[in-house]
Structures are given as structure tokens and as C-alpha cells.
J.: 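The structure follows.
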Amino acid sequence: MPLCSAAVPEPTDAELLVAARSGQALAWNALVKRHTGRLWAIARSNGLDRDEAFDVVQATWLELFNSADRIRDPNAIAGWLNRVTSHEAIRRSKRARRMQPVEEVRMHETNEDEFTGILRREDIALIRRHFARLDDNCRRLLGLLFADQPLQYREVSELLEKPIGWVGPTRDRCLEKLRRMVIDG
């Protein structure tokens, strides 16, 4: 009778997700270890720099954490992660392409009348009206980040009792909501 040592099979994604849903940190760690390399590749393949790719991957894991109980087919977790990463990377990539570098404006070389054409009081009032329509999380987060003396992500994270990785992706989503509201009127 030959001696055979049977290898213990790796848990499936479905098994890991079920365990992660029940709060098992080792299951979360195993999912992250198994899929993060591919998520990085997806983010970087959309032309994002290292920091943006990091934010995309973090946003994907945060989305899984927030949505884990709503995923109907735990066997399809790899595809779900790929789609979320791809959509977020594409969204950020498009936003980066829309942003154009602005020539530095020197206050002493520009008179006040030139600024009134750039930013009118009506524009400020419009933005304030739409800002007031944002949900509480967005208003609090953006208020802290864009105050006269803005807080660092770590401070915002502590004040709002959220993980630090939540701040950047949520800020981006809130600003995108506000942008759409202003554009759509």
C-alpha cells in the first residue's frame, strides 16, 4: 500500500466569501491575497498611475465589504471584483482625461473683473443649493475636506468613524454626484 499524502484543497472563493461574511478575518485576507494582483493589473491597464490604481483597488475591496451580504452567487466573486474594478478604473481614467492643466494665475497680474467672468455669484449659489441636496455622509465628508482649514484623511477618518481607505473613494463619489447635479441642473 503506497503512502500518499493528500493535499488539503484550497478553499473556493465561495467558501471564503461565506466565511468572510461571518466575520472571519483570515477569509478576508485570503480573498485579498488571491485577487489583489489581478485587480491591480486591471486598474493599471486603464492608464492609471500607481496612486490612482491603489485607490481603485481599495474602493473595490470597500465595495465588497459593504456589499458582501448582497452578492447572490458567491461562486462568481472573481467576476464581480473584476467588473467593479474595471468600472471604477474607467470612471477615474475618464475623469483624469477631462481635467485640463490650468495656467497658473497670479493674483497681482489679474484684476478682479476678470475673475467675475470665471466664477459668478450665481454659480456659487447653484453649487450651494446642490450641495445641500447631497446625503449627510457626503455633506459631512466634503465639508471636512474642503473647509477653510481642511482636515487630513486620517483626521476625517477618525471623526466620521470610517476606515481611512473609505475617505478618498467616497470623496470621489460625492464630488461626482455634486458635479452631475450641477450639470443636470
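Sequential numbering from 1 along the given sequence is applied to the chain's residues.
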J.: Please check this pair: side chain of Arg44 against backbone of Leu48, looking for a donor-acceptor N/O pair closer than 3.5 Å.
T.: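 Flag set: sc Arg44 to bb Leu48 pair under 3.5 Å.
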J.: Return yes if a side-chain donor-acceptor contact under 3.5 Å exists between Arg154 and Ser157, otherwise no.
T.: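 Result is no, nothing qualifies.
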J.: Looking at Arg179 and Glu176, does any basic side-chain N land under 4.0 Å from a carboxylate oxygen?
T.: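 A salt bridge is present here (some side-chain N lies under 4.0 Å from a carboxylate O).
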J.: Can you check whether His35 reaches Leu31 side chain to side chain, under 4.5 Å on heavy atoms?
T.: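 Answer yes - side chains close enough.
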J.: So, using side-chain contact (heavy atoms from CB on, under 4.5 Å) as the criterion, who are the partners of Arg34 when residues are at least two apart?
T.: Glu10, Pro11, Asp13, Leu16
J.: Kindly indicate whether the side chain of Thr60, heavy atoms from C-beta on, has any atom under 4.5 Å from the side chain of Leu64.
T.: no
J.: Could you check if a side-chain atom of Ser67 sits within less than 4.5 angstrom of a side-chain atom of Trp80, using non-hydrogen atoms only?
T.: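 Contact flag for Ser67/Trp80 side chains = yes.
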J.: Mind listing the side-chain donor-acceptor pairs of residues 51-59 below 3.5 Å, one per line with the distance, residues two or more places apart or on another chain?
T.:
| unit_1 | atom_1 | unit_2 | atom_2 | d |
| --- | --- | --- | --- | --- |
| Glu52 | OE1 | Arg92 | NH1 | 3.4 |

J.: Can you confirm whether Gln152 is buried at CD, in the sense that more than 12 heavy atoms of other residues, nucleotides or ligands lie under 6.0 Å from that atom?
T.: no
J.: With side chains defined as the heavy atoms from C-beta onward, is the minimum distance between Arg21 and Leu17 less than 4.5 Å?
T.: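 Of all side-chain heavy-atom pairs linking Leu17 with Arg21, at least one is under 4.5 Å.
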J.: So, Thr85 side chain and Leu81 main chain: donor-acceptor pair closer than 3.5 Å or not?
T.: yes
J.: Would you call Leu141 and Lys162 a side-chain contact if the rule is heavy atoms closer than 4.5 Å?
T.: no
J.: Do Leu62 and Trp28 share a hydrophobic cluster (ILVMFWY, side-chain heavy atoms under 4.5 Å, transitive)?
T.: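 Cluster IDs for Leu62 and Trp28 differ.
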J.: State, yes or no, whether a side-chain contact exists between Arg171 and Tyr153 at a heavy-atom distance under 4.5 Å.
T.: yes
J.: Compute whether any side-chain donor of one residue and acceptor of the other, for Thr36 and Trp61, lie under 3.5 angstrom apart.
T.: yes
J.: Taking the side chain as every heavy atom from C-beta outward, state whether Ser86 and Ile90 have any pair of such atoms under 4.5 Å apart.
T.: yes
J.: Kindly check if the number of other-residue, nucleotide or ligand heavy atoms within 6.0 Å of CD1 (Ile164) is above 12?
T.: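 More than 12 heavy atoms, drawn from other residues, nucleotides or ligands, come within 6.0 Å of this atom.
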